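These numbers come from the heavy atoms of this one structure, side chains and all, not from hydrogens, waters or symmetry mates. For clarity, every value in this text was computed on a predicted model and none was experimentally measured. Whatever order the structure lists them in is the order used to number ligands and atoms, beginning at 1.
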Amino acid sequence: MDAKVNENELIKTTSDYLRGSLRSSIADELTGALDPADAQICKFHGFYQQDDRDLRQQRREHLLEPYYSFMLRARLPGGVCTPQQWLTIDAVADGLGNGTIRLTTRQTFQYHGILKGNLKPLIQRINQAMIDSIGSCGDVNRNVLCNPNPLQSELHAEVYRWACRISEALLPKSRSYHEIWLDGQPVEGGEREPLYGVSYLPRKFKTAVAVPPYNDVDVYTNDLGFVAIAEAGQLLGFNVLAGGGMGTTHGDGSTFPRLADELGFIQPHQAVAVAEAVVATQRDYGDRCSRRHARLKYTIENLGVENFRSEVEQRAQLLFAPSRAVKFLHQGDRYGWVRGSDGHWHLTLYIENGRIGDLPHAALMTGLRRIAEVHQGDFRITPNQNLIIGGVAERQKEEIEALARDHGLLNQRSNMRLHSIACVALPTCPQAMSEAERCFPEFISALERLVTTHGLNDQRIVVRMTGCPNGCARPFVAEIGLVGKGPGSYNLMLGGDGRGLRLNRLYRENLGQAEILEELDRLFRRYAGERRERERFGDFTLRVGLVPAVVNPVEDFHD
Ligand code: SRM
Ligand code: SF4
């Protein structure tokens with residue numbers, strides 16, 4: 001007997017191209033929530049319904065409905081915005097959000113704590129600044145990542161333009177967003193979704209563009225990846241990758257993190273056709289019964305990569321050439337000033353947990369506002385929750401640096417902290433099983449003490465923590481991954497290679513933070529004594545057999 005399609009499929013198909021009953025849900029003043037079907041549809045418009053989990057129990061006891069609010073995520077291909085746009089982003093956070101801006105692992109920003117009645121004014125305000133939230137969530141292509149590293153300025157600009165074109169091509173074409181939020185006129189003669197069709201994709205879809213030797217976008221963890229191939233600063237084309245993803249479910253062995261397969265090399269002008277063909281193949285072959293198996297990585301496992309490649313070739317009417325050789329040096333960001341080939345300066349700032357606010361110890365939000373008021377280049381959010389003040393002219397360098405320093409944006413940080421990220425988790429994330437963002441700074445302080453004890457301060461060990469196995473901080477490609485299992489407990493994963501080319505593996509299950517620190521104390525001691533010259537911690541854990549080595553075509557391709 002055929003399996004039944006899941007409930008979300010019906011919600012999408014009957015939503016009248018993503019309209020649902022959003023208007024009446026928003027207008028309903030009796031509840032802070034949306035109608036349940038609208039709480040799914042709203043994701044395509046860029047926002048999620050949440051409730052403050054810290055208050056759940058207390059409100060239940062007082063027979064109150066949960067304290068509902070919304071998280072909105074913008075669409076910002078490549079993470080780039082102007083200083084004028086930043087000033088709007090900042091003002092909106094204060095007036096209509098919870099007073100903070102949260103930079104994400106996909107180069108955009110989120111507002112938390114938006115009340116239902118504030119959604120429309122908020123969307124209108126950001127749209128006035130030419131920022132939208134269309135398809136930043138939902139079963140469509142999400143925010144397109146692009147290496148924000150501007151060293152080879154002209155090459156970066158060209159690659160970034162391709163990232164924007166791909167983003168545009170893969171946007172849903174429904175006018176529902178304009179009608180509902182921007183009071184646009186209904187479309188005459190009805191709607192069409194030429195690429196997605198009436199039921200959109202079976203699941204979320206993610207695209208990234210990398211510029212070697214930097215793998216800050218963790219390109220192999222995306223459904224679709226483009227790796228720029230350049231010679232003497234000229235873009236020759238892209239190696240195309242497909243089928244990466246992080247999300248798993250504890251206890252369900254049929255779910256797994258996966259690195260993308262190489263499809264082959266294409267010329268730049270073929271990028272959009274290939275992106276559309278990959279999306280269309282996933283639309284037609286993806287699993288619409290089980291959402292747990294609906295990502296492209298499972299579609300490719302089912303079809304086989306050869307069949308998948310042929311299908312894409314046929315749809316895009318091209319043949320992939322063999323992938324070109326590339327070398328990635330590391331994942332994560334580089335900090336401080338660098339000068340691009342066009343002479344402009346770029347300052348990468350570390351933002352702890354990507355959370356920008358006026359914090360007790362540093363007025364980060366005010367600092368960035370002051371910078372935006374004078375800066376004439378751009379702002380670039382990195383794929384690791386950090387921020388680049390980009391395109392600074394020589395004459396403004398000192399002024400920007402002084403503003404950043406005065407507002408705590410250039411405080412000294414350890415290598416351990418600079419190479420770590422945590423997801424949002426509690427109190428807003430409904431999926432969180434344990435803390436991440438809130439406990440991470442202190443946890444990193446404890447790790448700093450350990451590496452100091454073992455003389456490992458100069459090591460750049462990539463550490464990532466998430467509150468559940470969905471993998472929002474990409475913990476399965478970290479050298480040390482901590483994946484939430486339950487209140488206060490985590491799975492400890494070891495063995496990433498610091499370049500994002502190898503998945504780590506489970507080392508110990510269900511450990512409390514004190515146990516994790518004890519384990520790492522022992523392992524760091526061993527590493528300090530037994531490591532080979534320039535051997536990374538992740539490589540060491542594999543070599544000495546702490547976690548098993550497995551066949552890894554991605555690494556083989558690169559070595
Ligand atoms: Fe994520 C769901 C936060 C990047 C895999 N993610 C969520 C939700 C919306 C929870 C929910 O389902 O209601 C989280 C909202 C928390 C909150 O309160 O803000 C959430 N994800 C985030 C962010 C904000 C983490 C961060 O600290 O930066 C990132 C926002 C990215 C963006 O701007 O678009 C974020 N999420 C990721 C990544 C990393 C990436 O894409 O590079 C992943 C792993 C890659 C992947 O998709 O495989 C990721 N998020 C998930 C999943 C698991 C998907 C799966 O295939 O199983 C979920 C749950 C789901 O989709 O059902 C999820
Ligand atoms: Fe929430 Fe889990 Fe994503 Fe963390 S990894 S933000 S806990 S869904």
Selected option - heavy-atom contact closest to [atom], from [options]:
atom	options	value
atom 17 (C) of ligand 1	H112, R106, K43	H112
atom 60 (C) of ligand 1	R291, R203, H293, Q50	R203
atom 58 (C) of ligand 1	E437, K204, R295, Q431	K204
atom 8 (C) of ligand 1	C429, G471, P475, G247	C429
atom 49 (C) of ligand 1	M246, K206, R102	K206

Enumerate the atoms of ligand 1 whose separation from the nearest heavy atom of [X] is less than 4.0 angstrom.
X	result
T108	33 (O)
C423	27 (O)
Y48	9 (C), 13 (O)
Q385	26 (C), 27 (O), 28 (O)
G245	48 (O)
A422	27 (O)

Steps toward side-chain hydrogen bond (donor to acceptor under 3.5 Å, both in side chains) verdict (R355, T100): CA-CA 7 Å; R355 184 71 69 178; T100 70; 3.2 Å; yes

I need the atoms of ligand 2 closer than 4.0 Å to a non-hydrogen atom of [X], numbered in the order shown.
X	value
T466	5 (S)
Q431	8 (S)
G467	4 (Fe), 7 (S)
A432	7 (S)

Ligand 1 contacted by Q107 (non-hydrogen, < 4.0 Å): no

Could you identify the single nearest non-hydrogen protein atom to [atom] and state the distance to 0.1 Å?
atom	answer
atom 4 (C) of ligand 1	T105 OG1, 3.2 Å
atom 42 (O) of ligand 1	R474 NH1, 2.6 Å
atom 13 (O) of ligand 1	P430 CG, 3.3 Å
atom 33 (O) of ligand 1	T104 OG1, 2.6 Å
atom 1 (Fe) of ligand 2	C429 SG, 2.2 Å
atom 5 (C) of ligand 1	N470 O, 3.2 Å
atom 39 (C) of ligand 1	C472 O, 3.3 Å
atom 18 (O) of ligand 1	T428 OG1, 2.6 Å
atom 3 (C) of ligand 1	R73 NH2, 3.6 Å
atom 4 (Fe) of ligand 2	C423 SG, 2.3 Å

Metal site atom 2 (Fe) of ligand 2: N/O/S of C468 inside 2.8 Å: yes

Location of contacts on A473 toward ligand 1, heavy atoms closer than 4.0 Å: neither

Ring centres under 6.0 angstrom apart (F70, H45): no

Sub-6.0 Å ring centroid separation between Y285 and Y298: no

Verdict with supporting geometry, I89 and I126, side chain to side chain contact (heavy atoms under 4.5 Å, CB included): CA-CA 7 Å; I89 295 168; I126 61 170; 5.6 Å; no

Side-chain heavy-atom pair R283, S199 within 4.5 angstrom cut-off: no

Side-chain H-bond candidate by donor/acceptor type, [X] with [Y], under 3.5 Å:
X	Y	answer
Y111	N118	no
N141	T207	yes
Y490	E435	no

Check: Q110 N/O within less than 3.5 Å of ligand 1 N/O: yes

N, O or S from C472 under 2.8 Å to atom 3 (Fe) of ligand 2: yes

Greater than 12 external heavy atoms within 6.0 Å of E7's CD: no

Within-shell test, A425 vs ligand 2, heavy atom, strictly < 4.0 Å: yes

